[in-house]
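Each remark here refers to the structure printed beneath this line.
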Amino acid sequence: MEDLASFIRGIPKAELHIHIEGSLEPEMAFALARKHGLALGYPSAEALRRAYDFRDLQSFLDLYYAGAAVLRDAEDFYLLTRAYLERARADGVVHAEIFFDPQTHTQRGVPMMSVIEGIGAALHAAEGDLGMSSRLILCFLRHLPEDDAERTLDEALRWRDQLCAVGLDSSEKGHPPAKFARVFQRARAEGLEAVAHAGEEGPPAYIREALDLLKVSRIDHGVRCLEDPALVERLAREKVPLTVCPLSNVKLRVFPRLEEHNLKRLMQAGLTVTVNSDDPAYFGGYIGENFGACQRALGLGREDIRRLAQDSIAASFLPEHDKAQWLERIRTFDDRPRPS
Ligand code: ADE
Ligand code: ZN
């Protein structure tokens, strides 16, 4: 099989499904725990990393929320975000749309200002010195009541101009999108875009609900749509992008092995599909590793990679003018030396 590593690394791409709290590497967790005088319950970063063996989404979320407890001030959020952006830039990411979970932090007494201003400062710096554009997506935790999401939205609107969209994450089963119809409607009335995790562990019906009730413009994960052919037809017709996270799906046992992942079938069904890292510190890789592992396991070719990169830009919330520029760069991208 052709070695596409440098093509994958070099081709411009957007990352549209990354939880910033999920980019907390064990080494940084230990450094921040030391800074704040906290105990992590593991003897070393290596021991913590060895504990990343998950049965399902919930077993991951339990560790992920516990890990986030070391994030306490604006500098912590700045360092976390900066580390992610540098790593993503090395993988050819030119634009990132980043999720954050304010409720995970405000519930622990961390002011929302520390979260948004810390992340925001890193995004602003990366625009200058890494040449990366970005957007911020506020996710509501679906295991909490809608009231809590409403209060979170009220407070976050102080930073309205720093936010691009609202999203929905955390435990999917038993928490259908319908539970959040009112808060999403209010967010959209404020001019925010909407996205939602659906069809990761939950049924295709949750994807339909996210479209019909939350009026989302993208589905995060969405891999279970293939169980419902009429839904696949609708997603293709309405050009609703899926932000797929292949290594995450294997770590959380949505698919037993990457070779059995349905990424290629989703592409063959005519859907707009993007590849993303979800929670890279927990799932064994950033976007480059996700592309590389899929390329090897599913036999993706150069033009499949090009299409995934094109879809990532097309599915982003960038202005049409910026999209057109990146799409042209991707169309003509070639990592091989020109014959002379
Ligand atoms: N929060 C962080 N990662 C998540 C995922 N994969 N699904 C739902 N909520 C999440
Ligand atoms: Zn996710």
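Quantities reported herein were computed from a predicted structural model and do not represent experimental measurements. Both backbone and side-chain heavy atoms feed into the values below; hydrogens, waters and symmetry mates do not. One-based numbering, in listed order, for ligands and for the atoms of each.
Heavy-atom minimum distance, Tyr84 versus Ala96: OH-CB, 3.9 Å. Nearest heavy atoms, Met267 versus Arg307: O-NH2, 3.0 Å.
Of all the N, O or S atoms in Asp278, the one closest to the Zn ion (ligand 2) is OD1. The Zn ion (ligand 2) sits nearest to atom NE2 when only the N, O or S atoms of His19 are considered. If you look at His17 and ask which of its N, O or S atoms sits nearest the Zn ion (ligand 2), the answer is NE2.
With salt bridges taken as basic N to acidic carboxylate O contacts below 4.0 Å, one links Arg151 and Asp148. Look at Arg49 and Glu27 and you find a salt bridge, because one of the NZ, NE, NH1 or NH2 atoms lies within 4.0 Å of a carboxylate O, short of that distance.
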Given Arg208 and Asp228, is the salt bridge (Lys or Arg N to Asp or Glu O under 4.0 Å) satisfied, shown in steps? CA-CA 10 Å; Arg208 291 181 182 279; Asp228 181 342; 2.9 Å; yes

Run the salt bridge (Lys or Arg N to Asp or Glu O under 4.0 Å) check on Glu75 and Arg82 step by step: do they pass? CA-CA 10 Å; Glu75 182 192 41; Arg82 178 69 192 182; over 6 Å; no

With salt bridge (Lys or Arg N to Asp or Glu O under 4.0 Å) as the test, would you mind laying out the steps for Arg186 and Asp154 before giving the verdict? CA-CA 10 Å; Arg186 208 152 61 78; Asp154 286 336; 3.0 Å; yes

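Ring orientation note: the planes of Phe184 and Phe140 are nearly perpendicular, at an angle over 60° on the 30°/60° scale. Ring planes of Phe60 and Tyr282: perpendicular class, angle over 60° (limits at 30 and 60°).
Under 2.8 Å from the Zn ion (ligand 2) lies no N/O/S atom of Cys245, from backbone or side chain alike. For a distance bound of 2.8 Å, the N, O or S atoms of His197 include one lying that close to the Zn ion (ligand 2). Checking Asp279 against the Zn ion (ligand 2), every N/O/S atom stays at or beyond the 2.8 Å cut-off.
Neither the backbone nor the side chain of Glu172 has any atom closer than 4.0 Å to an atom of ligand 1 (non-hydrogen atoms only). Contacts of Leu61 with ligand 1, taken as heavy-atom pairs under 4.0 Å, involve the side chain alone. Under 4.0 angstrom from ligand 1, the non-hydrogen atoms of Tyr64 all belong to its side chain. In Glu21, neither the side chain nor the backbone holds a heavy atom less than 4.0 Å from any atom of ligand 1.
Among all non-hydrogen protein atoms, the one lying nearest atom 7 (N) of ligand 1 is Glu200 OE1, 2.8 Å. Distance from atom 1 (N) of ligand 1 to its nearest protein heavy atom, with residue and atom name: His19 CE1, 3.5 Å.
Taking a 4.0 Å cut-off on heavy atoms, Glu201 fails to register as neighbouring ligand 1. The shortest separation from a heavy atom of Asp220 to ligand 1 is not under 4.0 Å, leaving the residue out of contact. Within the 4.0 Å heavy-atom shell around ligand 1 one does not find Gly22. Distances shorter than 4.0 angstrom occur between a heavy atom of Phe60 and an atom of ligand 1.
Atoms of ligand 1 found under 4.0 Å from any heavy atom of His221 (numbered from 1 in listed order, with element): 6 (N).
Under the 6.0 Å distance and 45° angle rule, Arg218 counts as a cation-pi partner of Phe317.
Checked by distance only, ligand 1 and Ser170 come closer than 3.5 Å through their nitrogen or oxygen atoms. The shortest N or O to N or O distance between Asp279 and ligand 1 is under 3.5 Å. Checking only distances, Asp278 does come within under 3.5 Å of ligand 1, N or O to N or O.
A ring-centre distance under 6.0 Å is found for His197 and Phe99.
Of the N and O atoms on the side chains of Asp220 and Thr243, at least one donor lies less than 3.5 Å from an acceptor on the other residue.
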